[in-house]
Each structure stands twice: as structure tokens, then as C-alpha cells.
Amino acid sequence: MAMKSKVLIVGGTGYLGKRLVKASLAQGHETYVLHREEIGVDIEKVQMLLSFKQQGAHLVTGSLNDHQSLVKVVKLVDVVICAISGVHIRSHQILLQLKLVDAIKEAGNVKRFLPSEFGTDPARMENAMEPGRVTFDDKMVVRSAIEESGIPFTYISANCFAGYFLGGLCQPGFILPSREQVRLLGDGNQKAIYVDEDDIATYSIKTIDDPRTLNKTVYIRPPQNILSQREVVQIWEKLIGKELLKSSISEQEFLAIMKEQDYAEQVGLTHYYHVCYEGCLANFEIGDGAEEASKLYPEVKYTTVEEYMTRYL
């Protein structure tokens, strides 16, 4: 049996990063987690790192702002996965990855790089609206640097994080479902794709030693989770045994409200707009040169929307 790749995870204490660490260890990879020396008194982060260590991960110090430390760490592994945040309401760090690309290029030993993508495929968003398009534009800058450097890659397009979208019944600004009412975005019939964050991590790790995913985009589209907002609401209504009071917000109203928000909020709302009013995640076929994760890895028993929603009961 082929040796499993050694994996470095950058951003391993974040929302998705900690799940990637767990999935990498669970799938038997020697796993390294990068952390900065100047961690201060962030006790939760320190305790998370120590728990990774107890589970068998190696903690390595280095910084995206210290090129030599990065090169040294990259030389220890075969695969680098970056999960630094690209969400403006948290922190938008996408272009910091250019420093990682430089280190990988210099180290010269990396067999696969998974940059921080994990959302909408930025290559399909050339017509995205301001200011939200910055997320896609920055990711494309990183992709160009990877490809120009000849670094082997896999791009993961995981669509909607279930925690953000299902928790709020696809309403921006909500992450717990109401038992009383819901506001539909438009007619609520545009399809989107919702993926449990743990499943995103599991599928991502599956791709790293798979020749079928080399230099390709892998979309995560679990067939039972391709649903409209209305269908998500119906699943919740079935679970609670009650119909919600429904209102709706038109495209024009949504855009008018969006323009009144601060910059970070506007970025997030732009993404909701493209997903929920335009259906940008599910309105295309996956063509040649790309793969779909649930087809590649039928052995992964993914969490369905209904199973995910039971946690809110």
C-alpha cells in the first residue's frame, strides 16, 4: 500500500481548519499544524493546539511573514492545505497565501497544495457584484500564482457551509432557525448546495493522494443536499411539526438594504445575493477537467440537510 502523504495545515485552529486537522488524523496522515510563536494569551487557541497534539498531530512554529520559517516547515511535508479565513465578517486574509506560494515554490517538494477556497468556485464569478467580488478576485490572484509557479493543486468548491446557511434557514444574519417565521429571498426557489463542515474536511483530505483530482477543481455536491430555500424551510417545518409564517424580500429590496450596510456586511450579502437570487452554485453542469466529490468517494456517508437540521430541535 502506498505511503500516505504528510500534511501541513495552515489556519488549523479556524472554523474549517480544526476540522481539516481532525479529518487528516482520522484518515491516517501524519499531520502538522502551523502556529505562530506570538500567540499571546489566546488560551482557547493554545488549548486547541494542545488537544491536536494529544491526538497525534505535530505542532510546528512558523509565520506567513517569516519566509525562511515557512520554507523549513513546508520541507517536512508532501501536502499543504491552507484554511485561512476569507470571510470579511471574521477576517479576510486570502492574499496572505501568496507568501505560502513563494515558500512552496522555494521548498520544491510539495506534491499537492489546497489553497483556501472551500466556497463558491471563483473561476465562475467573473461577473460578480461589488464589493463581494473581492473574495473571488483575490482567490483568482492566488490561483494564478500557484499555476504560474507550477505547483500541483486541487481547488475545493464546497458551496454553502451548513452552519451558516441551514442554521438561519438561508437568511443572512441568522444562524439559529426560528420556529415562528422566515423571510424568503425572492421566491425562495433557487437551488443551492449545503455541506456539513465536517464532510467538507473529510472530502478535502480524500482528494490529496488521489491522482484523479490532481490540478482540478473538486465540487462537493451531495445529491440530497441540492435544495432551494423553500425546500430547506419545508424540512425544518416537518421536523418541528409546524408551518412557519412566510414573507419574502424582492431582489430590489435586498439590494437596497445591502447598500446601507458597512463594507464587511455588504461583501457577505453580495454572496447571498448570487447564491439565493441567481442560483450561482447549482445552475451549471460540472464539465471536463473537474470532479464531484460524492461521486469520487461514495464510501463517505455524508450528512443530509435533514440530519443536519435535527441538531436545532
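In this chain, residues are counted from 1 in sequence order. What's counted below: heavy atoms across the whole structure, side chains too, no hydrogens, waters or symmetry copies.
How far OG1 of Thr304 is from CG of Asn225: 6.0 Å, rounded to the nearest 0.5 Å. Expressed to the nearest 0.5 Å, how far CG of Asp78 lies from NZ of Lys111 amounts to 4.0 Å. From Lys301, atom NZ reaches atom CG of Asp199 across 9.0 Å, with rounding to the nearest 0.5 Å. Atom CG of Leu244 and atom CZ of Arg183 lie 15.0 Å apart (nearest 0.5 Å). Expressed to the nearest 0.5 Å, how far NZ of Lys6 lies from NE2 of His29 amounts to 13.0 Å. To the nearest 0.5 Å, the span separating CG on Leu281 from CG on Asn159 amounts to 4.5 Å.
Although no hydrogens or angles enter the test, the distance criterion places no donor-acceptor pair under 3.5 Å between the side chain of Ser5 and the main chain of Val79.
You'll find the side chain of Pro131 reaches within 4.5 Å of the side chain of Thr270, heavy atoms only. For the pair Val77/Val7, no side-chain contact is recorded, criterion being any heavy-atom separation below 4.5 Å from C-beta on. In this structure, Asn283 and Glu278 have side chains that are not in contact, with every pair of non-hydrogen atoms separated by 4.5 Å or more. Counting heavy atoms from C-beta on, the side chains of Ile81 and Ile208 come closer than 4.5 Å. Proximity of Tyr308 to Glu197: side-chain heavy atoms (C-beta onward) are separated by under 4.5 Å at one or more points. Side-chain contact between Gln229 and Cys276 is absent, with no heavy atoms from C-beta onward closer than 4.5 Å. Taking the side chain as every heavy atom from C-beta outward, Tyr273 and Leu185 never approach each other to under 4.5 Å. Residues Lys4 and Asp209 are in side-chain contact: their nearest non-hydrogen atoms beyond the backbone lie under 4.5 Å apart.
Atom CD of Glu44 is surrounded by 12 or fewer heavy atoms from other residues, nucleotides or ligands within 6.0 Å. Counting heavy-atom neighbours within 6.0 Å of Ile175 CD1, excluding the residue itself, gives a total of 12 or less. Within 6.0 Å of atom CD in Glu37, 12 or fewer heavy atoms from other residues, nucleotides or ligands are found, so the atom counts as exposed in its surroundings. Counting non-hydrogen atoms of neighbouring residues, nucleotides and ligands closer than 6.0 angstrom, the NZ atom of Lys18 exceeds 12 such neighbours. The 12-atom threshold is not exceeded at NZ of Lys53, counting heavy atoms of other residues, nucleotides or ligands nearer than 6.0 Å. Surrounding CD of Glu285 are at most 12 heavy atoms belonging to other residues, nucleotides or ligands under 6.0 Å away.
No path of Ile, Leu, Val, Met, Phe, Trp and Tyr side chains, each step under 4.5 Å between heavy atoms, connects Ile104 with Leu214, placing them in separate hydrophobic clusters. In terms of hydrophobic clustering, with Ile, Leu, Val, Met, Phe, Trp and Tyr side chains grouped at heavy-atom distances under 4.5 Å, Leu245 and Val233 are assigned to different clusters. In terms of hydrophobic clustering, with Ile, Leu, Val, Met, Phe, Trp and Tyr side chains grouped at heavy-atom distances under 4.5 Å, Phe136 and Ile193 are assigned to different clusters. Cluster membership for Leu34 and Val71, using ILVMFWY side-chain heavy atoms within less than 4.5 angstrom, is not shared. Under the 4.5 Å side-chain heavy-atom criterion for grouping Ile, Leu, Val, Met, Phe, Trp and Tyr, Ile240 is not connected to Phe174 through any hydrophobic cluster.
Taking every heavy atom of both residues into account, Asp187 and Arg230 meet most closely at O-NE, 2.8 Å. Of all non-hydrogen atoms in Val110 and Val80, the two that sit nearest each other are CG2-CG2, 3.9 Å. The nearest pair of heavy atoms linking Glu147 to Phe153 is CG-CE2, 3.6 Å. Heavy atoms only, all atoms of each residue included: Ser116 and Ile94 are closest at O-CD1, 3.8 Å. Across Val21 and Gly12, no two heavy atoms sit closer than the pair CG2-O, 3.9 Å. The two residues Gln261 and Gln266 have their closest heavy-atom pair at O-NE2, 2.9 Å.
For the pair Glu291 and Lys216, the salt-bridge criterion is met [side-chain N within less than 4.0 Å of a carboxylate O]. The pair Asp66-Lys72 does not count as a salt bridge, with every side-chain nitrogen at least 4.0 angstrom from each carboxylate oxygen. Taking a cutoff of 4.0 Å between a charged side-chain nitrogen and a carboxylate oxygen, Lys242 and Glu180 qualify as a salt bridge. Using a 4.0 Å cut-off between charged side-chain N and carboxylate O, Asp42 and Arg36 make no salt bridge.
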- Show your reasoning for whether salt bridge (Lys or Arg N to Asp or Glu O under 4.0 Å) applies to Asp121 and Arg143. CA-CA 11 Å; Asp121 177 6; Arg143 284 189 179 195; 3.1 Å; yes

- Task: Quick one: do Leu76 and Leu8 satisfy side chain to side chain contact (heavy atoms under 4.5 Å, CB included)? Show the steps, please.
- Result: CA-CA 8 Å; Leu76 299 170; Leu8 170 68; over 6 Å; no

- Kindly determine whether Gln224 and Tyr302 satisfy side chain to side chain contact (heavy atoms under 4.5 Å, CB included), including the steps that lead there. CA-CA 9 Å; Gln224 287 179 264; Tyr302 66 83; 3.3 Å; yes

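Ring geometry, Tyr194 versus Phe165: the interplanar angle falls from 30° to 60°, so the pair is classed tilted.
Remark: Arg124 is not positioned above the aromatic ring of Tyr155, lacking an NZ or CZ atom under 6.0 angstrom from the ring centre and at most 45 degrees off the axis.
Residues Asp210 and Tyr297 have side chains that bring a donor and an acceptor to within less than 3.5 angstrom of each other. Between Ser24 and Thr31, the side chains place a donor N or O and an acceptor N or O closer than 3.5 Å (distance only, hydrogens not considered). A donor atom on one side chain and an acceptor atom on the other are found under 3.5 Å apart for Ser250 and Glu253.
Under the 6.0 Å cut-off for aromatic ring centres, Phe118 and Tyr15 do not qualify, their centroids lying 6.0 Å or more apart.
Looking at Asn215, Thr213, Thr207 one by one, the single match for side-chain hydrogen bond (donor to acceptor under 3.5 Å, both in side chains) with Arg112 turns out to be Thr213.
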